[in-house]
Amino acid sequence: MSLIQKKEKVSERLFIQSLIPQVVGHGGSFSLWRLPESEEKTLMVCNSGAVIQEEVSLEDSKAGFAFAPFNPKEGKFFFNADLIFRFAGDELTEGPDLTNTKYTIQKDDSSISEKEKSKSFYFRDKASHRSPHFKDIVQDAIDRIEKGSVEKIVPSKFKDVALPENFDVLKTFYRLCEKHPKAFVSLVSSPDTGTWLGASPELLVSVEGDKFRTIALAGTLPYHSEINLKFVAWTQKEIEEQALVCRYIINCFKKIRVREYGEHGPRTVIAGNLLHLRTDYEVDMKEVNFPQLGSVMLKLLHPTSAVCGMPFEPAIDFLQTHEGYDREFYSGYLGPVNFADASKLFVNLRCLQLFEKSARIYAGAGVTADSDPQKEAEEVDMKIQTLIQLINP
């Protein structure tokens, strides 16, 4: 591919800031992301509109970006990769020549008006939900768990925050990249979904070559730079909560008779200003003769017990009865499909939904029989505060 933009030394941020208002102006959609522990960023443009699918097939899909809501019964959005641009070291490294197309890349920031910048994103009307009284829901969840029909429930809440007048979505995306080097940082905007920004620490499904991977991530503690990860003291409640997620994944393997898998962990990991317990799972798809494992496990895993509960049916029934609002894409999944022979989908956590003058920030906490409503409420507020500080640095 010809890279006329690279020859002209247009910076990464200027390129993106110049292109996305034009994409939105023509009714297109875009996804911008950075994979964990990577410096490379990818901008994908979809001019053809989202395809709504019952399930995402990793093996049969073209290159694109998947965006699925929390409710597994709802359709999953798939955006075809009509244009792909990759950036490294603040320069365009791969992408099509845009000469003689409807898109023009500006050479300096002064040529992009504030009016153009303000039309870079799709903002949906905000649903008029009331965020539930979280401690009451946690107590109700504990009561339900003690009756024996469910082992774990993951209630959530949201907080609406006014955006400052000088709020810049792209600058916030880059700030997330800096503060969360081990997260999947993403910015998605389309007419169908509105605009979502987040930094997810949780891999749901990865298929790369013959290797399938997923992780069990649960338990939360505050992190600061003086903490030695080798000596973090996890409570029995946190250990049990993470063990339930591990058991959920192993049960999914058992359902499809996959017995040969690698299991590594649990270990303490950093996610921004928080700590979690993480266990990694890996399967050699060639060795177990299961080339469709990625799609099969994606359907089985979503939504995981880390964001819903366990067993699935009584947990989701409780949430739909007690939460009192639509999670939409919070705790769903998103990520690139069939890029460079790899698909990497992440749970949509540490995320916010952007509106024209405000943001809706979501967070949840795993509740077990050993939970304390006050501590669970503090954990959720801590997660929300992390993103509020990002909006108002």
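Worth knowing before you read on, the calculation uses all heavy atoms, side chains too, and leaves out hydrogens, waters and symmetry mates. Counting from 1, the numbers follow the sequence of the chain as shown.
No more than 12 heavy atoms of other residues, nucleotides or ligands sit less than 6.0 Å from atom NZ of K375. Residue-environment remark: CD (E39) stays at or below the threshold of 12 foreign heavy atoms within 6.0 Å. The neighbour count for N289 CG, taken as heavy atoms of other residues, nucleotides or ligands under 6.0 Å away, does not exceed 12. Within 6.0 Å of atom CG in N392, more than 12 heavy atoms from other residues, nucleotides or ligands are found, so the atom counts as buried in its surroundings. Residue-environment remark: CG (D341) stays at or below the threshold of 12 foreign heavy atoms within 6.0 Å. For E54, the CD atom counts as loosely surrounded, since its 6.0 Å shell holds 12 or fewer non-hydrogen atoms of other residues, nucleotides or ligands.
The side-chain tip of R34 does not point at the ring of F184 from less than 6.0 angstrom away and within 45° of straight on. Judged by the 6.0 Å distance and 45° axis criteria, R144 is not positioned over the aromatic ring of F318. A cation-pi arrangement is present between K126 and F355 under the rule of less than 6.0 angstrom and at most 45 degrees off the ring axis.
The existence of a salt bridge linking R124 and E356 is excluded, since no basic side-chain nitrogen approaches an acidic carboxylate oxygen closer than 4.0 Å. With salt bridges taken as basic N to acidic carboxylate O contacts below 4.0 Å, one links D381 and K157. Remark: D284 engages K211 in a salt bridge, criterion side-chain N to carboxylate O under 4.0 Å. Classification of D280 and R278 as a salt-bridged pair holds, one side-chain N sitting under 4.0 Å from a carboxylate O. Salt-bridge formation is detected for the pair E323/R327: a Lys NZ or Arg NE/NH1/NH2 atom is positioned less than 4.0 Å from an Asp or Glu carboxylate oxygen.
No option in K383, E328, Q353 other than Q353 meets the side chain to side chain donor-acceptor pair (under 3.5 Å) test with Y362.
Formation of a donor-acceptor pair under 3.5 Å by the S295 side chain with backbone atoms of L58 is found in this model. Of the possible polar contacts, none joining the H276 side chain to the Q242 backbone as a donor-acceptor pair under 3.5 Å is found. Checked by atom type and distance alone, the side chain of H180 never pairs as donor or acceptor with a backbone atom of L176 at under 3.5 Å.
Separation of the F65 and F78 ring centroids does not fall under the 6.0 Å cut-off. Between Y330 and F70, the distance from one ring center to the other does not fall under 6.0 angstrom. Checked against a 6.0 Å centroid threshold, the rings of F15 and F87 count as neighbours.
Taking 4.5 Å as the limit, some side-chain heavy atom of L163 sits within range of a side-chain heavy atom of I391.
Using a 30° and 60° split on the angle between ring planes, W33 and F339 fall in the perpendicular class, above 60°. In this pair, Y261 and F253 present their aromatic rings parallel. The plane angle is below 30°, not in the 30 to 60° band. The aromatic rings of F77 and F79 sit parallel, their planes meeting at an angle under 30°, below the 60° perpendicular limit.
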